[in-house]
Amino acid sequence: MQDSHDENDQNNDKDNSSTFYDLWEDIKKDSSSDINQELLEEIPEEDFFKDDQSRDYNIKIILAGDGAVGKTSLRQRYLGKNFSGNYQQTIGSDFAVYEETVGSNKVKFIIWDLAGQPRFNEVRKVFYQGCQGALILFDITNYSSFKNLEHWINELWLNSTKGPLPFIIVANKTDLQELGIPSVSKRIIQDYVHKIGQETLKRYHFRVRSIFTSAKTGENVETAFKRLAIQIIAHTRYLEKIRER
Ligand code: G3D
Ligand code: MG
């Protein structure tokens, strides 16, 4: 999944040749997945959301992305200023629990806010285990944080114990763009996400989407979390149905 917009990457074909899709295919060969891939591809996502009754869900999600893209700010904005996470200094990460209503479902979010710094690379992997989805953030005014999305997607999928997980790409700091600060263009972002979305829909039955947020003004912050919850619930129900067959 090479980004044709960046000429600097032309020399990195070798590194980029192994995308997260390939990596996941390799992992699947080694593990005894009970998901029937053909069935996965033939049933529309909506069928697994609308007809089920309400339920309670505990959903563990991860906030991922480079340092300073706004992960902690997004979480704080979502939970309210007075809500304090449980900060774990040694791992540079924290978590918070928050209850939300999504459609007719009660969702208890367990939100892990992971430290993006490379020095936490090893310890961070543990926190992907058992997680069901992620908001993967970048800062629209920082091109390298956009280029690094693929690294974070890889890390999520490689370290999760539940297969290819739904995630939403969060383009944060839209307020800065509105101030005229140079930003990654909307078209480049949408092209990139569209490409990933087509692939994940085809292969894993969920479409990755993007959302533009500002943790500063609060624009779309709640929607980002709610959309992720919807994707996770739909995906969970879908996998249940597949396994019932
Ligand atoms: P991180 O948790 O991903 O490392 P933080 O990122 O939430 O700590 O945010 C890093 C810096 O970006 C902070 O600035 C924060 O205020 C700022 N920031 C986060 N989200 C937004 C946003 O949507 N708009 C703007 N304008 N700034 C944002 P400081 O100066 O405190 O380091
Ligand atoms: Mg942080």
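Both counts, for ligands and for their atoms, begin at 1 and track the order of listing. What you see is a predicted model; the values in this text were computed from it and never measured.
- Looking only at side-chain heavy atoms (C-beta outward), Trp152 and Phe138 stay at 4.5 Å or farther from each other.
- Looking at Asn172, Thr213, Thr174 one by one, the single match for side-chain hydrogen bond (donor to acceptor under 3.5 Å, both in side chains) with Glu219 turns out to be Thr174.
- Residues Arg237 and Glu240 are not paired through a salt bridge, judged by the lack of any N-O separation under 4.0 Å between the basic side chain and the carboxylate.
- In this structure, Asp191 does not pair ionically with Lys195, as no charged nitrogen and carboxylate oxygen lie closer than 4.0 Å.
- Each of Asp66, Gly67, Ala68, Val69, Gly70, Lys71, Thr72, Ser73, Asn172, Lys173, Asp175, Leu176, Ser214, Ala215, Lys216 has a non-hydrogen atom positioned under 4.0 Å from some atom of ligand 1.
- Paired with Leu137 under the rule side chain to side chain contact (heavy atoms under 4.5 Å, CB included), one option of Ile168, Leu149, Ile169, Val69 passes, and it is Val69.
- Metal site remark for the Mg ion (ligand 2): Ser73 contributes no N, O or S atom at a distance under 2.8 Å.
- Residues Lys186 and Gln177 form no side-chain contact, since every pair of their non-hydrogen atoms from C-beta on lies 4.5 Å or further apart.
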